**Q** 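The structure's right below; bear with me while I get my questions together.
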Amino acid sequence: MTDINALSFGSTVDMLSNAMTGASMNQTQLANNIANANTPNFRRSTVSFKEALAEAAGVPADSDSLPMETDDDRQFAIGDAQPPVPFDPQPQVDTATQMRADGSNVDIDQESAELAQNSSYQQTMAQLLSTQFSIYQSVITETPR
């Protein structure tokens, strides 16, 4: 089977794709939290995909300094620049003290609000990704938009 990740349409599409993947992972965790809200001693879990997304983008160098390009992993960046790391968000269990009598730390209102926010974020990323592909399509077919 061909590795689809080897095909890249540029850093913008890669970033939007990673954002959608992270939002999907977060959606799964939030749905799991809601489904297990009444399970005794259940601990909610989260996915900090936005931090992983920022790390995957790297940190650009200071604009006042001369930029230095590297073309090998053995080279190192000069200045405040941080090289990008692979996008790999991981679920994390929230070990906060429970506030419910059954030992669970899931607040259904908080989970529902985060679910709605995450859903809006994911929909926005999908629209932006669709716009990017529309631009590519118009360039490839040479038709005006």
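Source: prediction; values computed, not measured. Any value given below was found using the heavy atoms of this structure, including those in side chains, with hydrogens, waters and symmetry copies removed.
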**Q** Please round to the nearest 0.5 Å and tell me the distance separating atom CG of L30 and atom CD of Q110.
**A** 9.5 Å
**Q** Under a single-linkage rule joining Ile, Leu, Val, Met, Phe, Trp and Tyr whose side-chain heavy atoms are separated by less than 4.5 Å, which residues share a cluster with V106?
**A** F42
**Q** Any pair with a residue in residues 118-134 that passes salt bridge (charged side-chain N to carboxylate O under 4.0 Å, His left out), sequence neighbours left out, goes on the list, sorted by first then second residue, please.
**A** none
**Q** What is the minimum heavy-atom distance between A37 and S104, and which atoms define it?
**A** O-OG, 3.4 Å
**Q** Given the rule in the side-chain contact (heavy atoms from CB on, under 4.5 Å) test, do L115 and I34 qualify, once you have shown the distances and angles that lead to the verdict?
**A** CA-CA 9 Å; L115 191 68; I34 290 171; 3.8 Å; yes
**Q** Verify whether one side chain among Q29 and S45 offers a donor that lies under 3.5 Å from an acceptor in the other.
**A** yes
**Q** M125 versus L128: any side-chain heavy-atom pair under 4.5 Å?
**A** yes
**Q** Once salt bridge (charged side-chain N to carboxylate O under 4.0 Å, His left out) is applied, what residue pairs with a partner in residues 104-113 remain, sequence neighbours excluded?
**A** R44-E111
**Q** One pair to check against side-chain contact (heavy atoms from CB on, under 4.5 Å): F49 and T21. What are the steps and the verdict?
**A** CA-CA 9 Å; F49 73 94; T21 300; over 6 Å; no
**Q** Do R100 and N38 have a side chain donor and acceptor closer than 3.5 Å?
**A** yes
**Q** Report the C-alpha separation of V47 and Q92 in whole Å, then their side-chain angles, then the decisive distance to 0.1 Å, and conclude whether the side-chain contact (heavy atoms from CB on, under 4.5 Å) test is met.
**A** CA-CA 6 Å; V47 177; Q92 299 163 344; over 6 Å; no
**Q** Check the side chains of D88 and Q90 for a donor-acceptor pair under 3.5 angstrom, ignoring hydrogens and angles.
**A** yes
**Q** Could you give me the CA-CA distance, side-chain angles and deciding distance for K50 and Y121, then say whether side-chain contact (heavy atoms from CB on, under 4.5 Å) is met?
**A** CA-CA 11 Å; K50 291 180 183 176; Y121 178 87; 3.9 Å; yes
**Q** Strictly by modelled atom types, are N18 and D14 linked by a side-chain donor-acceptor pair under 3.5 Å?
**A** no
